[in-house]
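Lettering follows sequence order; numbering is per chain, from 1. Quick note: numbers below take in every heavy atom, side chains included, and nothing from hydrogens, waters or symmetry partners.
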2 protein chains.
Amino acid sequence: MLDASRLRLLHDLSRLGTIAAVARLRTYTPSAVSQQLAALEREAGAALLTRTGRTVTLTAAGRALAGHAATVLAALDEAEAALAALREGLTGPLRIGAYPSAVRTLLPAALVDLARDHPGLDLTVTELDPVAVPAALADRTLDVGLIQDYDVAPGIPDPALGSRPLLDETIHLAGAPTLAAAAGAPWILATPGTLCHTATLHLCRSAGFEPRARHHADDFATVLALVAAGQGVSVVPHLATAGAPPGVTLTPLPARRRTRIAYRRGTAGHPAVAACVTALQAAAAAYLPQDRP
Amino acid sequence: MLDASRLRLLHDLSRLGTIAAVARLRTYTPSAVSQQLAALEREAGAALLTRTGRTVTLTAAGRALAGHAATVLAALDEAEAALAALREGLTGPLRIGAYPSAVRTLLPAALVDLARDHPGLDLTVTELDPVAVPAALADRTLDVGLIQDYDVAPGIPDPALGSRPLLDETIHLAGAPTLAAAAGAPWILATPGTLCHTATLHLCRSAGFEPRARHHADDFATVLALVAAGQGVSVVPHLATAGAPPGVTLTPLPARRRTRIAYRRGTAGHPAVAACVTALQAAAAAYLPQDRP
DNA sequence: GCCCGGCCGTAAGCTGACCTGATGCTCGAC
DNA sequence: GTCGAGCATCAGGTCAGCTTACGGCCGGGC
């Protein structure tokens, strides 16, 4: 019978690409991972990976088996979720990943609720960009994470993840009355590669111009402070406008940012995940009434 | 992470009922099984079984986990089937279970075809009653098995198994011109517990009488020999009438026996299983034209 | 062109998991 | 009451699997 922990290593390899990365993720030595994958090849009776250059790539059989490994791992997730659902109280670790502005606004209320209702839970919050959430969930570095989706740059849903809607916010232009007026102004952009950066680019390009970057800041509080100091213009979602410094003009734009709470598909039935989803949805509902377009 | 081989032991236990039986099936000592299940309980964080009298029963958590274990094992089956499908030639063991009359009639032709087309296959045939086939498939004692279903006593399909139709035969009364004439005659019955025995009982009872058993024989060739010797009457399916001794009157009855070829759901995509299914269906087609009602 | 760093595989050695066999207990049947 | 079946625990030996150490290979940088 194929070994599930070896299948997990293969599944990790199919996402990460190198044995060394898998070893770092699982806190093994690369040697151990290499040996386990070699054993899996023996079990499978087929070559699963080939050395290409100084790295390895999966063969067709390797890719096929990695796909089936995802199914097996999801089934194991479901089994563990079912066990957790049968246990008396909610206990154990729950690792939540969210982007900075959510950590400051939504998370505190949700964490208080969760800690009050389920004192046995061991909550850990990690701040990270939404684009890194799917990988972190697959890595089992996170159990729950907030992902985003701009209507101007819709994302493709990950088939390994389930998700529930959380927020649907208006995007505001900060520092200028209209997008046309902001076209020539200096912009405050996020670091390239983040979702925020690409969404801003999409927004400006669909308005017919390329933003001229002057400053780079990921934190919206920092961004708004720079705008208040007259250092440039930027776009911020509704959630970030709560504590905006006075004197910053905010103009709603015809663009929306949707936030969803995501989890591995197999853990959908896990009571801790379900409790976290409801707590976050309750916290989001407290913010929603302020953002009716 | 839950261990798949331990989950398999739990799954076995849920079907077999005792740790000793699981140990016999897996050729372990009961001590090893007991230790592995104890380790699974530690992993699961819940009591999975309780001692009741001198045996054990599953708790609610144990039953739930056993159900999920079936899902995990099916996913592992599918992964192995996918690997086998990618391999060059068909190799490896294929264990076929069938009832005696099929072993004599259908199997030889199918085995010849299979051995010719796939010389790498290691074919093993086991003679057993259809009622034992689902358990043997679940035990992994068999890979493919013939199951039966009388329209007078329809069976309930096993959700863990897939199947394909193979034969649909007329049942013949042997040794008497009509069922009414056979009511008072001595009967040759199969051993109680076999599907054949219960089907005969159903047939007689729906005709309004209880068959009086005189001889017990499971093999239809033996049954027909006894009928030819004037020792009693019996019912035999079409497949068994091929080499009937002369002088035995055979009367078609308004009852049919359906034979299906069954396999574990996860192995549906296994090329060896698929090849066996097609070979048996081809062999069955050679018998079918003789049995148009 | 050459060196260096990262990646992968193999060999050796040690720790720990796991199976066996023995022992003791409980329960049910005769 | 005795016996047998079933299960758990304990001691002991074996083997899988990890780490460490080492060598080969490729690609980028000076």
What is the distance, to the nearest angstrom, from the [atom1] atom on [X] to the [atom2] atom on [N]?
X       : N      : atom1 : atom2 : value
B:Leu40 : C:dC18 : CG    : C1'   : 15 Å
B:Arg42 : C:dG16 : CZ    : C1'   : 13 Å
A:Gln35 : C:dG9  : CD    : C1'   : 9 Å
A:Arg24 : C:dG6  : CZ    : P     : 10 Å
B:Arg8  : C:dC18 : CZ    : P     : 14 Å
A:Gln36 : C:dA17 : CD    : C1'   : 13 Å
A:Leu58 : C:dC8  : CG    : P     : 12 Å
A:Arg54 : C:dC7  : CZ    : P     : 7 Å

Q: Output yes when at least one side-chain N/O atom of B:Arg6 is less than 4.0 Å from OP1 or OP2 of C:dC18, else no.
A: yes
Q) Below 4.0 angstrom from OP1 or OP2 of C:dG9, is there any side-chain N or O of A:Ser34? A)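 True: A:Ser34 side-chain N/O within range (under 4.0 Å) of C:dG9 OP1/OP2.
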Q: Could you check whether B:Thr55 gets within reach of a base, just the sugar-phosphate, or nothing at all, counting any heavy atom under 4.0 Å?
A: sugar-phosphate
Q: Would you classify B:Ala20 as touching base, sugar-phosphate or nothing, given that sugar-phosphate means primed atoms plus P, OP1 and OP2, and contacts are heavy atoms under 4.0 Å?
A: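 The residue B:Ala20 makes sugar-phosphate contact but no base contact.
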(Q) Within the supplied structure, the quantity of interest is the number of heavy atoms (other residues, nucleotides, ligands) at a distance under 6.0 Å from A:His215 NE2; does it exceed 12? (A) yes
(Q) Are there over 12 heavy-atom neighbours, none belonging to B:His118, within less than 6.0 Å of that residue's NE2? (A) yes
Q | Between A:Thr50 and A:Thr57: side-chain donor-acceptor atoms closer than 3.5 Å | A |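 There is such a pair between these side chains.
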(Q) Return whichever of A:Ala38 or B:Pro30 has its heavy-atom-nearest nucleotide of DNA chain C closer to the 5' end. (A) A:Ala38
Q) Which residue, B:Ala39 or B:Ser31, contacts DNA chain C at a nucleotide closer to its 5' end, judged by nearest heavy atom? A) B:Ala39
Q | Residue met sooner reading DNA chain D from 5', once A:Val33 and B:Val56 are mapped to nucleotides | A |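 The residue whose closest nucleotide sits nearer the 5' end is B:Val56.
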Q.
With salt bridge (charged side-chain N to carboxylate O under 4.0 Å, His left out) as the test, pick out the partner of A:Asp139 among A:Arg15, A:Arg8, A:Arg264.
A.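 One option only clears the test, and that one is A:Arg15.
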Q. Rounded to the nearest 0.5 Å, what separation is found between the CG atom of B:Asp143 and the OG1 atom of B:Thr124?
A.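 Here the rounded value is 8.5 Å.
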Q | Close side-chain approach of A:Leu37 and A:Leu48, heavy atoms under 4.5 Å | A |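 No - every pair of side-chain heavy atoms lies 4.5 Å or more apart.
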Q: Considering only heavy atoms of chain B and a distance under 4.0 Å, specify the first and last nucleotide of DNA chain D in 5' to 3' order that meet this criterion.
A: D:dG4 to D:dC10
Q | Side chain A:Thr200, main chain A:Cys196, donor-acceptor under 3.5 Å | A |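 Present.
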